[in-house]
Novice: 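Sharing a structure below in structure tokens format, with a few things to ask.
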Amino acid sequence: MLSYLNSYYIQIGSFTLINIMLALGVYVPLSTGQLSLGGAGFMGLGAYLSAIAVTRFGLPIPFAIVIAGGVSTLAGILVGVPSLRLKGVYLAIATLGFGEVIRVIFIKWETITGGATGISAIPLISAGTVRFLTEQNIIDSSNKNVASDLTVFLILFLITGFFVWFFVALKNTRIWRANSAIRLDETASESIGINIHYYKVLAFSQSAFISAIAGALYAHTVSYISPSDFTYHRAVEALIFTVLGGSGHVLGAVFGATVLTIIPEALRFLKDYRYVAFGAILVIMMAFKPEGIITDNIFRKIRKK
Amino acid sequence: MHLFIEQLINGITLGSIYSLTALGLTLIFGVLDILNMAHGAVFMFGAFTAVLIVSKLGLPLWVGFLGGCIVSGLLGYALEMFALRPLRRRKNTSPLAPLISTIGVSIILENIARALFGSDTISFRTSISDINFKLGEIDINLINLVILAVSFTITILLYFWLKNSKSGRALRAVSENPDTAAFLGVNTSKVITFTVVSASCAGGAAGVLVAMAFNSVNNEIGLAMGLKGLAIIILGGMGSVNGAVAGGILLGLAETFVVAYGDSGYKEIIGFIIIMAVLLIKPQGIFGTTQKVKV
Amino acid sequence: MVRLKLNKIIIIAVSLLLFSCKADVPKVKGEQPNSQQSIKIGIIAALSGPAAGYGNSIVNGFTLAASEINKAGALNIELIIEDSAGKQEQALSVVKKLINSDKVTAILGPTLSTEMRLVGPEANNSGIPILATSNTASGITDIGQFVFRDSMPESIAIPFAIKKAIEKYHIKNVAMFYGDDDVFTKSAFDTMKSTAEALGLNITTIEKFQKGQTDFKAQLTKIKSTSPDALLCSALYNEGGVILDQARKIGITVPVIGGNGFNSPKIFEIAGSSSDGLIVATPWFSESVENPKVLDFISKFEKAYGSKPDQFAAQAYDGLFIMAHAIKTAGSADRNKIRDALASVRNFNGVLGKFSFDQNRDVDMEPFVLIAKDSKFQLLQ
Amino acid sequence: MLQLKLINKNFGGVTALRNISLNVKAGEIVGLIGPNGAGKTTLFNIITSITKPDSGRILFNGKDITGLRPYRIAELGIGRTFQNIKLFGQMEAVENVMTGMHSVSRGGVCRCAFKFLGYRQEEQLLREKAQQLLSFVGLSGKGSEISESFSYGQQRRLEIARSLALNPQLLLLDEPVSGMNDTETQDIMRLITGIRESGISVLLIEHDMGLVMGVCDSVIALNFGHVIAVGTPAEIQKNPEVIEAYLGKTAEVVTNARS
């Protein structure tokens, strides 16, 4: 059965799931009105921390990913607190700056991060399971590859699924009402008893955590990372997934990331003009439907029917 | 000692080009409150057009220069028409919409440039690019002086045009408060279009100067210059013209001297360190004004 | 009501776009009728993105070689060419497509060493021989038994160039200048540095630049102030050409020893007369008289593509011939047999001269050391 | 309950408030009147510490609350409405009120997401309380409608309902009836007296003298940033300084004519 599955599509599936996590990394702070383009920086941080922990210190992969997430959350708080003073576009540019500075640190710290050559031969998250399956000879060497890709996909699916479920569950609760209140009007929110600093830094560090986990999983999916993986383009891509999908709703980020990861693959026949189409979609969407495709009133209408 | 002066000239030349680019960004931000992320791409197209005119068609340099400015001006017009104007018509769009829309435009322009001009560097041999002379110990090439002259004249022209020409005042009125300006009979949409076009021309001119200074153009220069432009107008104070000029020169000198006396690995990152530092310490930059939040 | 209709149209439009594309992506499954031993070979090349220049000349080399092999009749090679845009993620997706959808017998490429770090292990684990024709970073063939390389690594080419330059110009002090944010230029720099130290050269200064930079004057002015006898420069030809041009302009006239990235006719387009004094070691020398295959290859290439072949086209051309030779000796499409045949290739006579694999499937041949004069490379005597 | 001692505040040379001292006793409705620009809203902003005073102390139930962050002041039980209605437009009316209950409800991130320890019942309780508040202010049926779509009067009442949500001891109302017709003003008057009956003292800024005279126990008049008169509504009406502040120099003519 396994050989029937084609790892080309599984691979695209795995990248879609990673992009969904990155889109959530933009969605969560956006729900409190903070536009963060630091996703790429935290993703890089997560990827490098986990890769170094596994390749240099031999930690088991799940443990390394958790550490990468934890440390990046602290970094998120360290960046989040000072950026409370910044609003709108300034915050976007400052977090973009943070991402670039992190990338240069990866280039400069050669002894630890391998500099521009990056870190290679990072074991895949599916390594453990595949070894177990081969011992039980459920799979043999012919479909070992597909099995490993499938395990990677399933692990990613579980983690992404948990994040998406977590934020859907959080939707109509006290915490999310506070976040939306802050997004709509900070002064009013503070005067009805919401500690806006606490919730903004909470959202920012949640975003750092999710982006770092996405980075760590990315490292253990492609087994080679270099500073050029976490550039300005990656941060902008995450923003576009969320905004196009619909920045008002969790499923908007999911929809945006899925469609915009599959479209470039599907537009592969356009060759150079593929990205021109990508850019054009952006401009058209912003002109005619800035709140994105999935919005609250779609669900409200569905509920009404 | 002469090394210091040579590096100083390098720094100021680079700085003057940065100021010209930042001027375009500050004008658009001042009037429209929008960070034009497509400015880098417009800058690149100006450079490519000049190279095409001079190298391929063999026309003189000043024709190339004009061509570069005109093409970027047209791009500015298209940018305003298709990307920014529809946004203005919708009432409560988030401040992020223009930011994202201009990012879309920059992706389009970059990939069209890659498709048209290929991704390789194209050389830009001009008649004056090889002349250089010695002033005592110091090697100076004519190109640097030409660039300094051109960028300063454009900056001063823009400066006086803003200060005392009629349309210049109209532009500043719109940037202060579009509604009152409209109330006083200023045709705001015409002024806004004019601003975007002139800002893009300035960007195009800066692009041609870069092509002249470094004798080469490729489609990567747009993005780097765009991000540096952001650093400059944040350093100088958003929307302030003299902030853009001072910020540009400062960044040019900082980058040159970090290389001359520090580790040249940090040249590209100075811009971002400045952004982070300024935003955290003095968000309104050197010359900017703080925006009060009214309750 | 208008709002509701708008949402509906957008969603339908997007899903239509999505499904319409889906239909054409999976190729028609099932093998072509096996009339004559038709072998599917996958090609991964950067046809878009920053490395497109290299990718296109490589693919030209492959297609020219394939047409000649197919004309010769012993073998019918079907090239499946995929664009990786020089991005690691895309290279990984593409190699999985070639292995699983197209079920290729062997793979040639990818263009950049960074991509090989992802593609190599994938091909190796699936037991598919992969021959890199343009990766020069070190450690490529250590990825696995199925990974081969016919592009001379920097670790062999650079020491040759530096030794020859010292003999000719009695160089004592050298300045170094390299791109610190690209894996290709960084690993070439590491080799240059270790060679310079091994040969006892005094390194006056080490300057860095970043991708996308066009202003090198600040660094070059600093280098000039240390008055080196030669400049060791590791860059791709896009930046390399501009560095050469600006260096000559501010008065650096000493010879410049370049890494593999400099070895392309495009250097002359970008740097023009400033390229005089550029020293490069390379397995490919278009003016080498004693090898008849070279002239024949150049004329055919020029007829087909209208421009002279560079080192990358030559290495690709030879690469496909080597692979075809191995398939013929293996006598079947069985991947392990082809792997063993490849490993035993010795003294293969190609446009690059005598080519053989050493014991860990890397290149074992002597490069030419060339110097640029009036926009042309010639042998450095 | 609320005491202000010698509050001073100037914005770059312009003295907005000079030596303001006042206090609001428990269960009392105090009116704050004065011409535009007298510093009334600035005073509200200082009490809720949206703006910091240059000098002076603010005591609430004897506790010094000067300089606390606005959300701490709300937690202590001071609710407020805004002159230019700052509702959460895109939220439903009931959600607006439930958000107002933020400081009185509990639930960290995990409790909200995994909904354990009786979170669901608590949420249900909040929703019921919000519905009650909505009916209390006369918006009973409109819970699930988007607040943006409400009429001006309804939005005013919704904002009052939201400020009541954190069950305050003191409620600051900033021009609750400005721009309303008579019938709506009467409704608000009944609402304010209803609020006082439920034990909440009220400090309100208002220009509608009818409302002030009808509802307030005592009135404080401000002009150019300092207190010019304090007293019952009747005293204030006859106080010459107050009339002069509103009507300008010809105050004597008016008082002679009336008496």
Side-chain angles (χ1 to χ4, degrees), chain A residues 30 33 35 37 79 82-83 85-105 107-108 115 183 186-188 191 231-233 236-237 239-240 242-244 247-248 270-291, chain B residues 29 33-35 37-38 41 79 82-87 89-90 92-112 114-116 118-119 223 226-227 230-231 234 238 263 265-266 268-269 271-281 283-284 291 293 295:
Chain A
L30 208 54
L35 169 63
L37 290 178
V79 175
S83 51
R85 300 156 44 110
L86 303 177
K87 292 285 178 297
V89 180
Y90 297 119
L91 178 65
I93 303 297
T95 46
L96 188 68
F98 162 75
E100 291 298 311
V101 168
I102 287 268
R103 194 170 58 81
V104 170
I105 290 172
I107 292 175
K108 285 280 170 281
R183 174 162 55 90
E186 282 194 11
T187 335
S191 72
T231 57
Y232 155 83
H233 298 287
V236 165
E237 244 175 43
L239 169 71
I240 294 166
T242 317
V243 169
L244 266 187
S247 52
L270 279 177
K271 281 249 170 316
D272 270 349
Y273 293 96
R274 173 169 41 160
Y275 285 103
V276 175
F278 199 46
I281 292 174
L282 253 184
V283 175
I284 294 162
M285 278 300 289
M286 276 303 116
F288 300 110
K289 202 151 188 343
E291 67 283 1
Chain B
F29 184 86
D33 245 347
I34 292 173
L35 271 183
M37 304 295 276
L79 167 76
F82 298 113
L84 302 183
R85 182 161 299 180
L87 290 187
R89 245 186 267 106
R90 300 176 68 83
N92 51 13
T93 52
S94 78
L96 310 181
L99 184 81
I100 294 155
S101 180
T102 49
I103 287 175
V105 171
S106 74
I107 294 173
I108 296 173
L109 290 181
E110 258 164 44
N111 285 285
I112 289 179
R114 180 163 296 148
L116 291 180
S119 57
L223 177 67
L227 293 178
L230 291 186
I234 288 175
M238 305 295 266
D263 171 345
Y266 292 100
E268 288 303 302
I269 207 63
F272 288 106
I273 293 173
I274 289 176
I275 287 183
M276 306 262 295
V278 166
L279 283 181
L280 295 181
I281 302 155
Q284 67 280 11
Q291 283 112 340
V293 175
V295 168

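All of these numbers come straight from a predicted model, not from anything done at the bench. Each chain gets a letter, A, B and so on, in the order its sequence line appears, and its residues count up from 1.
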Novice: In the structure I gave you, are the side-chain heavy atoms of Tyr266(B) and Lys108(A) within less than 4.5 Å of one another anywhere?
Specialist: yes

Novice: Would you call Leu282(A) and Leu244(A) a side-chain contact if the rule is heavy atoms closer than 4.5 Å?
Specialist: yes

Novice: Yes or no on side-chain contact (heavy atoms from CB on, under 4.5 Å) for Ile281(A) and Ile240(A), after CA distance, side-chain angles and deciding distance?
Specialist: CA-CA 10 Å; Ile281(A) 292 174; Ile240(A) 294 166; over 6 Å; no

Novice: Ile112(B) versus chain A, heavy atoms under 4.5 Å apart: side chain, backbone, both or neither?
Specialist: both

Novice: Taking the side chain as every heavy atom from C-beta outward, state whether Ile34(B) and Phe29(B) have any atom pair closer than 4.5 Å.
Specialist: no

Novice: Is Ile100(B) in contact with chain A via its backbone, its side chain, both, or neither, using a 4.5 Å heavy-atom distance?
Specialist: both

Novice: Taking every non-hydrogen pair under 4.5 Å, which of Gly97(A), Ser83(A), Gly99(A) racks up the most with chain B?
Specialist: Gly97(A)

Novice: Given heavy-atom pairs under 4.5 angstrom as the criterion, report whether the side chain, backbone, both or neither of Leu84(B) touches chain A.
Specialist: neither

Novice: For Phe98(A), which atoms come within 4.5 Å of any heavy atom of chain B: side chain, backbone, both, or neither?
Specialist: both

Novice: Of the backbone (N, CA, C, O) and the side chain (C-beta and beyond), which part of Leu30(A) lies under 4.5 Å from a heavy atom of chain B, both, or neither?
Specialist: side chain

Novice: Decide yes or no for Tyr232(A) and Leu37(A): does some side-chain heavy atom of the first lie under 4.5 Å from some side-chain heavy atom of the second?
Specialist: no

Novice: Less than 4.5 Å apart, any side-chain heavy atom of Met37(B) and any of Leu230(B)?
Specialist: yes

Novice: Is Leu35(A) close to chain B through its backbone or its side chain, or both, or neither, when contacts mean heavy atoms under 4.5 Å?
Specialist: side chain

Novice: Quick one: what part of Val236(A) sits under 4.5 Å from any heavy atom of chain B, side chain, backbone, both or neither?
Specialist: side chain

